[in-house]
Q: 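Quick one: this structure, given as structure tokens, is what I'll be asking you about.
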Amino acid sequence: MARKSLSFPAIFPALLAYSFSLILFCRPIVGAHDYHDALRKSILFFEGQRSGKLPPDHRVKWRRDSALHDGSTAGVDLTGGYYDAGDNVKFGFPMAFTTTLLAWSIIDFGRNMGPELKNAVKAVKWSTDYLLKATAKPGVVYVQVGDAYSDHSCWERPEDMDTLRTVYKIDTSHPGSDVAGETAAALAASSIVFRSRDPAYSRLLLNRAVRVFNFADKHRGAYSSSLHSAVCPFYCDVNGYQDELLWAAAWLHKASRKRVYREYIVKNEVVLRAGDTINEFGWDNKHAGINVLISKEVLMGKAEYFESFKQNADGFICSLLPGISHPQVQYSPGGLIFKAGGSNMQHVTSLSFLLLSYSNYLSHANKVVPCDERSASPALLKQLAKRQVI
């Protein structure tokens with residue numbers, strides 16, 4: 001599979017996987033490492049990237065309201081959301097992935113977050129409020145605000161920016177199943193976060209996720225084909241949109257428990273290439289995440305019809321083990337995961353998150369992963385992930 005050209009901001013969605021992997025180490029301070037403080041600062045980073053009208057409880061006091069007219073040139077309200085890690089552009093594709101992974105972190109590890117849980121939930125809602133605006137019109141998803149070229153040529157605070165705030169969208173004539181699929185996944189995953197906290201809001205998110213997924217599936221195509229000059233090479237979809245459709249269906253199945261999404265996943269497993277590039281996970285390639293997410297049900301003994309996804313997840317785990325890892329996965333002399341291409345830390349953080357998630361699933365099921373002549377225990381996976389953080 002071709003590798004993508006990455007710009008620096010690709011580290012933004014990866015940062016959250018890093019930040020929530022920190023909380024899994026039971027002692028808040030280990031040696032010189034204060035994981036609770038690192039978690040607090042990681043979530044605070046997201047608050048520093050907020051766009052729009054800031055709330056009274058905003059903790060980054062040197063930030064002010066910005067981009068209060070976003071969307072006005074298109075006659076819509078697109079205020080809010082997140083800027084992209086040092087830029088003033090709002091890229092919908094990585095923002096949606098960030099939201100999905102942040103929601104997944106809360107679903108699986110929220111109990112470990114202590115006082116930061118409320119801030120993590122606020123971080124999700126800041127994004128989902130924006131994604132609801134971006135998907136308010138049926139058959140349309142607004143996927144970017146700001147011109148990346150003019151933005152990157154002018155380094156300035158968002159409060160002072162005078163660069164173009166061009167609005168880009170996908171629609172039935174200009175499809176983008178990748179960004180629409182990821183947006184549906186974000187909304188569905190977030191609906192689980194708010195299921196007990198705000199049932200009405202949770203239902204709104206889930207209903208919107210269903211509508212956006214149907215649009216993504218019915219009008220198939222890559223958004224980098226429809227909007228190439230705007231989104232490439234920044235967040236150009238190289239991997240294809242098929243994985244986002246499966247990813248969205250997996251989250252809709254988890255959120256709704258409806259049979260239609262189970263049947264969609266089983267029917268489209270081969271067509272949408274669920275087993276491709278299983279040792280990749282990031283804002284463009286969801287394959288390893290799909291397999292790990294779905295495998296939880298298999299490990300819990302609830303979904304034998306998803307057994308092939310567990311086999312893929314096991315293969316992913318084996319591909320990461322030092323000594324028998326996949327040719328695309330290497331380790332530095334100090335033990336850091338290394339994959340060729342730019343922004344290596346996005347691979348380190350996102351893969352570490354999956355290692356920790358799968359470790360928990362295996363532990364609850366009292367299982368290990370067989371890898372040729374050795375096996376990977378939950379403790380081994382956690383140890384490998386911890387080595388990436390320390």
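Keep in mind that the numbers below use all heavy atoms, side chains included, and drop hydrogens, waters and symmetry copies. Treat the numbers as computed from the prediction; the structure is a model and nothing was measured.
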Q: Can a salt bridge be assigned to the pair Lys122 and Asp57 using a cut-off of 4.0 Å between side-chain N and carboxylate O?
A: yes
Q: Does Leu206 reach the side chain of Phe194, with side-chain heavy atoms less than 4.5 Å apart?
A: no
Q: Is there a donor-acceptor contact under 3.5 Å from the side chain of Ser202 to the main chain of Ser191?
A: yes
Q: Does any part of the side chain of Leu299, heavy atoms only, come nearer than 4.5 Å to the side chain of His364, both counted from C-beta?
A: no
Q: Side chain to side chain contact (heavy atoms under 4.5 Å, CB included) between Ile106 and Val124: does it pass, once the steps are laid out?
A: CA-CA 9 Å; Ile106 294 172; Val124 171; 3.7 Å; yes
Q: Arg273 and Asp243: side chain to side chain contact (heavy atoms under 4.5 Å, CB included), yes or no, with the steps?
A: CA-CA 7 Å; Arg273 310 197 310 266; Asp243 54 328; over 6 Å; no
Q: Look only at the side chain of Lys90 and the backbone of Leu78, and say whether a donor-acceptor pair between them is shorter than 3.5 Å.
A: yes
Q: Just to verify, which of Trp283, Tyr235, Phe281 counts as forming a ring pair (Phe, Tyr, Trp, His ring centres under 6.0 Å) with Phe97?
A: Phe281
Q: Kindly say whether the aromatic ring centers of Phe46 and Trp126 come within a distance under 6.0 Å.
A: no
Q: Aromatic contact between Tyr130 and Tyr142, with the criterion being ring centroids under 6.0 Å apart: yes or no?
A: no
Q: Given side chains that start at C-beta, do those of Val368 and Leu362 come closer than 4.5 Å, heavy atoms only?
A: no
Q: Of all the heavy-atom pairs spanning Ser51 and Ala67, show the shortest one and how long it is.
A: OG-CB, 3.6 Å
Q: Please find the pair of heavy atoms, one from Pro115 and one from Asn119, that lie closest to each other, and give the distance.
A: O-ND2, 4.2 Å
Q: Would you say the side chains of Asp171 and His174 form a donor-acceptor pair under 3.5 Å?
A: yes
Q: Is Asn344 reaching over with its side chain to a backbone N or O of Ile337, donor-acceptor style, under 3.5 angstrom?
A: yes
Q: Between Lys339 and Glu280 (salt bridge meaning N to carboxylate O under 4.0 Å), is one present in this structure?
A: yes
Q: Between Thr79 and Lys133, is any side-chain donor less than 3.5 angstrom from a side-chain acceptor?
A: yes
Q: Would you call Phe353 and Leu101 a side-chain contact if the rule is heavy atoms closer than 4.5 Å?
A: yes
Q: Decide yes or no on side chain to side chain donor-acceptor pair (under 3.5 Å) for His58 and Arg50, but give the supporting numbers first.
A: CA-CA 10 Å; His58 191 72; Arg50 283 177 174 177; 3.1 Å; yes
Q: Between Asn214 (side chain) and Val210 (backbone), is there a donor-acceptor pair under 3.5 Å?
A: yes
Q: When Tyr358 is tested against each of Lys296, Lys310, Lys382 for side chain to side chain contact (heavy atoms under 4.5 Å, CB included), which residue passes?
A: Lys310
Q: Do you know which of Phe309, Phe213, Tyr261, Phe306 makes ring pair (Phe, Tyr, Trp, His ring centres under 6.0 Å) with His253?
A: Phe306
Q: With the threshold set at 4.0 Å, does a side-chain nitrogen-carboxylate oxygen contact exist between Lys286 and Glu182?
A: yes
Q: Could you tell me whether a side-chain N or O of Asp84 sits under 3.5 Å from a main-chain N or O of Asp87, the two making a donor and an acceptor?
A: no
Q: Grouping I, L, V, M, F, W and Y whenever their side-chain heavy atoms are under 4.5 Å apart, do Val89 and Leu164 come out in a common cluster?
A: no
Q: Is there a chain of hydrophobic side chains (I, L, V, M, F, W, Y, each step under 4.5 Å between heavy atoms) that links Val260 to Tyr264?
A: yes
Q: Yes or no on ring pair (Phe, Tyr, Trp, His ring centres under 6.0 Å) for Phe91 and Tyr168, after CA distance, side-chain angles and deciding distance?
A: CA-CA 10 Å; Phe91 291 101; Tyr168 299 92; 9.4 Å; no
Q: Glu159 and Arg64: salt bridge (charged side-chain N to carboxylate O under 4.0 Å, His left out), yes or no, with the steps?
A: CA-CA 6 Å; Glu159 293 86 347; Arg64 297 289 183 269; over 6 Å; no
Q: Ignoring hydrogens and angles, tell me if any N or O in the side chain of Arg220 forms a donor-acceptor pair with the backbone of Gln242 under 3.5 Å.
A: no
Q: Please report the closest heavy-atom contact between Asp178 and Glu244, naming both atoms and the distance.
A: O-CG, 3.2 Å
Q: Less than 4.5 Å apart, side chain to side chain, heavy atoms only: is that true for Met161 and Tyr83?
A: yes
Q: Identify the heavy atoms of Ala180 and Ile170 that sit nearest to each other, and give their distance.
A: CB-CD1, 3.9 Å
Q: For Asp162 and Glu156, which heavy atoms make the closest approach, and how far apart are they?
A: N-OE2, 3.0 Å
Q: Kindly give the heavy-atom pair with the smallest separation between Ala96 and Ala186, and that separation in Å.
A: O-CB, 3.4 Å
Q: For Glu263, does the CD atom have more than 12 heavy-atom neighbours from other residues, nucleotides or ligands under 6.0 Å away?
A: yes
Q: May I ask you to decide if the ring planes of Trp251 and Trp247 are parallel, tilted or perpendicular, using 30° and 60° as cut-offs?
A: perpendicular
Q: Answer yes or no: are there more than 12 heavy-atom neighbours, outside Arg111 itself, under 6.0 Å from its atom CZ?
A: yes
Q: When you measure from the side chain of Arg63 to the backbone of Pro158, do you find a donor-acceptor pair of N or O atoms at a distance under 3.5 Å?
A: no
